[in-house]
There are 2 protein chains.
Amino acid sequence: MNEIRLIIADDHELFRNGLKELLKKYDDVHVVTCVADGVAFFEALDNEKNIDIVLLDIGMPHMDGFEVLNKIKALNASIKPIIISMHDDGNYIAKCAKSGAYGYLLKNTDQEELIKVIRIVSQGKKYFSPSISEKMINFMSVQSVSKDILSNKETEVLGLISEGLTTKEIAAKLFVSSRTIETHRANILKKLEVKNTAELIKKATQMNLI
Amino acid sequence: MNEIRLIIADDHELFRNGLKELLKKYDDVHVVTCVADGVAFFEALDNEKNIDIVLLDIGMPHMDGFEVLNKIKALNASIKPIIISMHDDGNYIAKCAKSGAYGYLLKNTDQEELIKVIRIVSQGKKYFSPSISEKMINFMSVQSVSKDILSNKETEVLGLISEGLTTKEIAAKLFVSSRTIETHRANILKKLEVKNTAELIKKATQMNLI
DNA sequence: AATAGTATCCGTATAAATACGGATATTATG
DNA sequence: CATAATATCCGTATTTATACGGATACTATT
């Protein structure tokens with residue numbers, strides 16, 4: 001029988017300890033240690049090896065869950081993070097998915113769900129429950145209103161800008177004068193209510209325009 | 001009994017007609033019309049009113065599924081698109097979710113799943129099956145390797161750049177000389193292997209850095 | 001103690017972007 | 001048909017960004 005070794009990272013002592021007690025019931029799960037923030041978590045990770053899973057709270061002091069996720073990802077560590085959050089914002093969920101979370105649970109999840117996700121994730125599979133996925137998908141589509149504020153040409157120019165082409169290069173590519181592209185640029189900035197290229201690309205990305 | 005009125009948009013005649021036949025079995029579903037591409041779809045939409053759902057193929061000539069999705073979204077139409085695709089790339093799935101799809105089915109889905117999704121979506125709810133969601137989530141986290149290539153200061157500067165601040169403004173904000181920020185900028189461009197701000201912001205977004 | 005990485009600063013120069021203001025031909029749209 | 005939006009073009013001026021090359025002080029790590 002392979003024991004699942006996990007760490008609990010949550011700044012609420014009661015929750016942390018409760019969770020630990022609760023997991024004692026399951027023979028295949030061993031809570032190696034509990035920590036109260038991201039910094040302590042990485043210290044613990046240095047001492048303990050062969051950790052399979054971390055149950056990770058998002059809202060922690062010092063180094064929050066997002067930072068921990070990103071750092072784990074950067075470290076290329078084999079530990080698989082499961083987020084335990086109070087919030088079911090699609091925003092949060094999508095961020096966690098992007099940052100490499102293997103699961104996302106709400107704090108009011110029932111035990112069956114919790115142990116189920118732990119077991120699935122311990123095998124290296126990701127699991128986001130249908131209701132969580134739904135929240136995320138809804139969020140993803142919320143953004144972006146109108147692709148229509150930009151004209152076709154403007155959209156085309158925006159695409160080329162985002163690829164790093166300069167005004168001159170774009171002009172050459174589209175067989176028009178640089179002044180034309182400059183005008184397009186100016187109009188795009190105006191329409192998206194931004195003041196320079198950096199902000200433009202950021203906003204366009206958010207709006208799903210490129 | 002509320003009849004579900006739907007349009008089928010797919011460039012493969014056999015598939016289109018087969019689907020239509022198949023849906024005849026269900027009394028609550030009425031296939032209003034079938035079209036072969038996006039342009040024809042919008043023409044049909046002009047003539048027929050009260051369409052609830054469109055079963056939408058991604059790979060169509062003239063105007064493909066993505067474009068149709070985006071246009072529907074822009075129109076703010078009440079019609080709810082369900083994607084029927086041959087591909088289960090997380091990439092495609094995520095794009096569709098972003099573009100407002102209400103469902104995503106593979107072409108080898110079984111009938112039960114199809115009619116189930118149609119009925120769920122007809123009530124205004126989105127439905128992406130667990131296996132489809134999983135593909136998408138896996139894709140989302142694939143990107144981004146190292147937050148570590150940038151130093152702390154560089155990351156900070158990058159964040160401010162992405163908010164549209166100029167070099168001078170950033171310098172003032174961080175109480176250093178403009179030349180320092182210029183150097184940071186140059187180093188960031190070098191590290192991310194891009195040649196200007198536009199490309200920088202795009203790449204940073206993809207890498208989940210901002 | 002030495003090395004590597006980071007943060008800070010400087011000069012010179014060119015290229016590119018942004019801010020004004022104005023104009024015409026074509027295409028949609030009411 | 002008239003109006004509005006679009007794509008195209010132009011000038012002038014200023015501000016920013018990018019490309020070179022070089023330097024010092026601090027920190028952390030070997």
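Sequence lines set the chain letters: A, B, ... in the order given, protein chains first and strands last, and positions in each chain run from 1. FYI, side chains are in, hydrogens and waters are out, and symmetry mates aren't considered; it's all heavy atoms of this structure. Model, not experiment: these values are computed from the prediction.
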Rounded to the nearest angstrom, tell me the gap between atom CZ in A:Arg185 and atom P in C:dA15. 17 Å
Pairs flagged by side chain to side chain donor-acceptor pair (under 3.5 Å) wherever residues 80-90 of chain B is involved - sequence neighbours left out: B:Ser85-B:Tyr104, B:Asp88-B:Lys135
Strictly below 4.0 Å, heavy-atom distances to any atom of DNA chain D: list the hits from residues 170-184 of chain A, or just say none. A:Val176, A:Ser177, A:Arg179, A:Thr180, A:Thr183, A:His184
Quickly work out the B:Leu200 CG to C:dA16 P distance and round it to whole Å. 17 Å
Taking only the side-chain heavy atoms of A:Leu189 (C-beta and beyond), determine which of C:dT18, C:dA17, D:dA17 contains the nearest atom. C:dT18
Is any side-chain N of the basic residue among A:Asp57 and A:Lys107 closer than 4.0 Å to the acidic one's carboxylate O? yes
Against the side chain of A:Thr197, the closest entry in C:dA17, D:dT18, C:dA7 is C:dA17
In whole angstroms, the gap separating C1' of C:dA17 from CD1 of A:Ile201 amounts to 13 Å
note: B:Asn152, atom CG; C:dT8, atom P; distance rounded to Å ~ 11 Å
Can you check whether A:Val39 reaches A:Glu43 side chain to side chain, under 4.5 Å on heavy atoms? yes
Measure the distance from CG on A:Asn196 to C1' on D:dT14 and round it to the nearest whole Å. 15 Å
For a quick test of reading the model: is some side-chain N or O of A:Ser151 closer than 4.0 Å to OP1 or OP2 of D:dA7? yes
Between P on C:dA16 and CD on B:Glu199, what's the gap in Å once rounded to a whole number? 14 Å
Please evaluate residues A:Tyr92 and A:Phe139 with respect to the criterion ring-ring contact (aromatic ring centres under 6.0 Å, His included), reporting the C-alpha separation (whole Å), side-chain torsions for both, the decisive distance (0.1 Å), and the verdict. CA-CA 10 Å; A:Tyr92 278 22; A:Phe139 161 77; 9.8 Å; no
Whether A:Glu156 and A:Lys153 form a salt bridge (side-chain N of Lys/Arg under 4.0 Å from carboxylate O of Asp/Glu) is what I want to check. yes
Reported CG-to-NE2 distance for the pair A:Asp52 and A:His30, which is rounded to 0.5 angstrom: 11.0 Å
Is any side-chain nitrogen or oxygen of B:Lys195 closer than 4.0 Å to OP1 or OP2 of D:dT18? no
Rounded to the Å, how far apart are A:Glu154 CD and C:dT27 P? 18 Å
Between A:Ile83 and A:Ile93, is any pair of side-chain heavy atoms under 4.5 Å apart? no
By the 4.0 Å heavy-atom rule, please label A:Asn187 as base, sugar-phosphate, or nothing. nothing
Rounded distance (Å) that lies between atom C1' of D:dA4 and atom NZ of A:Lys191: 12 Å
